[in-house]
**Student:** 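Before we start, here is the structure in question, set down as structure tokens.
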Amino acid sequence: MSAGVELKQAGTPAPGFTGSIGRMIMRFVIYAFSIFLIMGPISSLIIWSFAEKWYWPHTLPQEWGMKYWARVLEGKMAESLSLSFGIALLVTFVCILLCVPLSYLIARYRIPAKSLLLLIFLLPQAFPQLPVFTNAMEIMYRWDLVGTLTGVTLIHLVGALVFSVWTMVSVFQSISVSLEEAAINLGSSRVRTFFTITLPIALPGIIASSLLVFLYSLDEFTGSLLIGSPFITTMPVYMYNSAMGYEMQTASVTGLLLMIPGIILLLLMQRFMKSEYMAAFGRG
Amino acid sequence: MPNLSAASKGNNTSHSIFRWLAGVIMIAPATLIVIGLFLYPFMGSLVGSFRNESKEWTLDNYFYVLETYHMDLLFTIAICLISLVLVLALASLLAGWLRLKADPFVEFLFKIPLFVPFVVVGHAMRVFLAPHGTMNSLLASTGLFNPDSMPGVAFSTLGLIAALVWKNIGLTLLLVMGAFRGINSSYLEAARNSGAGSFRLIKDMMIPMSWGTISVAGILTFTSMIGNFSIPAMLGDGGGSQMLMIDLYYELIYRQDAGAANALGVISYIASMGAAIYYVKKVAKS
């Protein structure tokens with residue numbers, strides 16, 4: 001109380017002073033609020049992952065340790081971890097293979113029924129995945145794909161292809177056509193122009209898009225739960241199962257492991273992140 | 001069908017057939033996967049919602065679903081609308097503040113949720129907000145609250161809202177900030193010089209000038225919330241009203257009633273129409 005009065009008295013002669021104090025307080029409040037809001041839930045995960053014994057109403061765990069990290073990394077989780085990374089790598093590879101040429105065609109050429117093609121790749125963004133995937137599951141039952149690696153990879157590919165076509169088309173559209181025209185006028189073939197002019201310029205965008213596809217596949221939950229069970233347990237599904245079984249520590253360790261690739265990507269890509277890429281990403 | 005008409009300079013017929021084939025090979029695989037595993041099942045859910053188990057056409061699925069789940073439908077829409085208003089308000093205020101005082105640290109913090117998977121958000125909120133969760137422990141440790149009389153919000157409405165807001169704040173902030181950064185600084189300086197404070201700059205200048213982007217962000221966020229399965233799957237297990245996607249999952253997996261599940265799906269499509277229209281317009285523009 002008294003501090004506030006003092007500040008006011010000291011501030012009255014110089015109006016700039018109260019202003020800067022006010023601004024500092026404002027900044028402090030925003031910092032405190034932001035850190036609490038964002039780090040609060042994450043720090044709970046961290047505490048839980050190191051808690052060996054934690055009973056209410058203790059504020060912090062009574063016993064700390066790495067027991068659950070060790071247990072989780074040795075057991076079934078390690079299997080899920082490598083499985084998830086394997087699927088994500090495969091999905092990313094297929095996406096690059098299929099989407100680079102496709103996106104280049106969409107960005108540069110007049111294709112018949114192009115708007116139909118664009119709609120096919122845009123509309124999946126608009127609708128919820130679960131009701132569609134439940135019907136896709138029925139189709140996959142017919143082909144014996146449920147519970148197989150192929151099935152899970154395919155269901156990941158649906159979302160990943162849509163996302164990567166969208167981002168890669170915008171990467172190619174941002175490259176000036178005149179560069180390619182210059183190369184062609186100088187006698188280069190279209191294929192050669194693509195590989196020597198377009199692709200090198202587009203590479204950073206393609207890499208960014210592929211990293212996001214990798215992350216999408218790693219984090220995919222809905223499709224993996226429906227198509228993967230009971231034989232293919234990816235990391236998010238593993239986490240869901242352990243959280244449903246009230247294995248708080250195991251779930252927290254898995255959750256943190258799932259967060260790490262994303263945080264690394266965020267640190268790497270802060271500068272390159274464009275909202276139009278990300279709009280496709282906020283789904284689950 | 002796909003043909004590189006722009007590239008059809010080659011008069012040679014075998015040459016143009018080759019180009020045509022190359023186009024098909026480039027376009028077909030990805031398109032077929034999306035058609036086969038998204039559009040075809042999407043149509044399947046539309047058709048399936050009007051059929052009963054013996055494949056007869058009927059509206060019974062909708063009668064059953066509306067009778068059983070009308071409260072859940074209202075609950076879902078209410079939760080999503082409340083979360084949406086909170087996300088948009090928070091994102092606009094933060095984006096406005098960041099527009100005036102560039103602050104990389106706060107900006108970085110709020111981008112984190114973008115890259116945290118939905119399931120993890122659900123679980124983190126659960127351990128954070130549960131009756132005996134981290135936040136209540138923290139509050140209890142201050143000694144100001146009686147630990148046993150505090151409400152646990154994790155499995156209730158507030159937990160869902162908190163998780164949805166938390167997950168969506170990153171994307172909404174990114175979109176709104178893009179629009180605010182596009183506003184010419186001279187407008188803001190002019191208003192500032194005639195005595196407007198930061199809050200008024202945000203409320204009376206930035207938000208009205210970026211209304212288009214904010215409403216697009218709102219539509220995309222709303223549909224993503226309606227269709228979200230992972231967060232309510234992690235959080236919403238406390239009885240009472242459920243989110244629509246949980247009802248759908250329950251109908252399919254536990255009651256094995258595909259017709260009812262599809263009817264719920266179609267209702268969720270209708271709720272997502274805003275985003276669909278936005279994407280159709282986007283294609284029409286390009």
Side-chain angles (χ1 to χ4, degrees), chain A residues 30 34 38 40-42 44-45 47-48 56-57 59 98-99 101-102 105 109-112 115 118-132 134-136 139 154-155 157-158 161-162 219 221-222 236 239-240 243 248 251 255 258-259 262-263 265-266 275 278-279 282-284, chain B residues 1-7 26-27 29-31 33-35 37-39 41-42 44-45 106 109 111-112 114-120 123-125 127-128 132 134 137 140-141 147 168 171 174-175 178 220 223-224 226-230 234 245 248 252 261 265 268-269 272 275-276 279 283:
Chain A
I30 290 177
S34 312
I38 300 297
I42 296 177
S44 312
L45 280 188
I47 297 173
W48 262 112
W56 178 258
T59 313
L98 297 183
C99 294
L102 172 59
L105 277 191
Y109 290 90
R110 274 183 285 123
I111 309 166
S115 23
L118 281 175
L119 268 188
I120 290 173
F121 281 97
L122 273 176
L123 278 184
Q125 298 289 345
F127 295 109
Q129 286 183 338
L130 183 69
V132 178
T134 53
N135 285 276
I139 299 169
L154 278 172
I155 208 76
L157 267 178
V158 178
L161 286 172
V162 165
D219 296 350
F221 172 68
T222 314
M239 187 190 150
Y240 173 77
M248 287 305 181
L258 270 172
M259 269 178 59
I263 301 286
L265 223 62
L266 178 62
S275 52
M278 303 313 305
R283 343 217 83 230
Chain B
M1 210 190 26
N3 184 10
L4 318 180
S5 47
M26 287 179 188
I27 293 172
T31 315
I33 292 177
V34 175
I35 291 176
L37 290 176
F38 201 97
L39 293 184
F42 178 84
S45 68
V106 172
L109 265 185
K111 277 181 190 159
I112 292 178
L114 258 178
F115 287 123
V116 180
F118 282 91
V119 256
V120 179
H123 177 65
M125 281 298 165
V127 289
F128 187 51
H132 291 177
T134 325
S137 304
S141 70
N168 284 292
L171 177 64
L174 210 61
L175 289 168
L220 297 183
T223 46
S224 136
I226 288 269
N228 184 272
F229 170 63
S230 343
M234 285 308 267
M245 289 298 124
L248 198 163
L252 190 85
S268 76
Y269 300 154
S272 315
Y279 287 122
V283 168

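Proteins get letters first, then strands, A, B, ... in listed order; numbering begins at 1 in each.
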**Student:** Counting only heavy atoms closer than 4.5 Å, note whether B:Leu109 contacts chain A via side chain, backbone, both or neither.
**Tutor:** both
**Student:** Among A:Ile155, A:Leu154, A:Leu265, single out the residue with the greatest number of heavy-atom pairs under 4.5 Å to chain B.
**Tutor:** A:Leu154
**Student:** To the nearest 0.5 Å, what is the distance between CG on A:Leu123 and OG on B:Ser272?
**Tutor:** 11.5 Å
**Student:** Which distance, rounded to the nearest 0.5 Å, do you find between the CG of A:Leu266 and the CG of B:Leu114?
**Tutor:** 7.5 Å
**Student:** If you count heavy-atom pairs within less than 4.5 Å of chain A, which of B:Ala30, B:Gly265, B:Pro29 leads?
**Tutor:** B:Ala30
**Student:** Of the listed residues (A:Thr134, A:Leu98, A:Leu130), which shares the most heavy-atom pairs with chain B below a 4.5 Å separation?
**Tutor:** A:Leu130
**Student:** Decide yes or no for B:Pro117 and A:Pro236: does some side-chain heavy atom of the first lie under 4.5 Å from some side-chain heavy atom of the second?
**Tutor:** no
**Student:** Within this structure, what is the CD1-CE distance for the pair B:Ile112 and A:Met259, rounded to the nearest 0.5 Å?
**Tutor:** 7.0 Å
**Student:** Does any non-hydrogen side-chain atom of B:Met125 lie less than 4.5 Å from one of A:Ser44?
**Tutor:** no
**Student:** Considering all heavy atoms of both residues, which atom of B:Gly227 and which atom of A:Pro128 are nearest to each other, and what is their separation?
**Tutor:** CA-CB, 3.5 Å
**Student:** Please report the shortest heavy-atom distance between B:Tyr269 and A:Pro131, naming the atom on each side.
**Tutor:** OH-CB, 3.6 Å
**Student:** Classify the ring geometry of B:Phe229 against A:Phe221: parallel below 30°, tilted from 30° to 60°, perpendicular beyond 60°.
**Tutor:** parallel
**Student:** Side chain from CB out, backbone as N, CA, C, O: work out which of these in B:Ala261 comes under 4.5 Å of a heavy atom of chain A, or both, or neither.
**Tutor:** neither
**Student:** Could I get the full list of ring pair (Phe, Tyr, Trp, His ring centres under 6.0 Å) partners for A:Phe121, not counting sequence neighbours?
**Tutor:** none
**Student:** Less than 4.5 Å to any heavy atom of chain A: does that hold for the side chain of B:Val119, its backbone, both, or neither?
**Tutor:** both
**Student:** Calculate, to the nearest 0.5 Å, the distance between atoms CG and OH belonging to A:Leu119 and B:Tyr279 respectively.
**Tutor:** 12.0 Å
**Student:** Just how far is it from atom CZ of B:Phe115 to atom CG of A:Leu258, taken to the nearest 0.5 Å?
**Tutor:** 14.5 Å
**Student:** Measure across A:Phe127 and B:Ala276 and return the closest heavy-atom pair with its distance rounded to 0.1 Å.
**Tutor:** CZ-CB, 3.7 Å
**Student:** Could you give the distance from OH (A:Tyr109) to CE (B:Met26), rounded to the nearest 0.5 Å?
**Tutor:** 8.0 Å
**Student:** List the atom of B:Leu37, the atom of A:Ala136, and the distance in Å for their closest heavy-atom pair.
**Tutor:** O-CB, 3.9 Å
**Student:** When heavy-atom pairs shorter than 4.5 Å are enumerated against chain A, which of B:Val116, B:Thr31, B:Leu39, B:Val106 gives the highest number?
**Tutor:** B:Thr31
**Student:** Output the option from A:Leu45, A:Val132, A:Leu122 having the highest count of non-hydrogen pairs under 4.5 Å with chain B.
**Tutor:** A:Val132
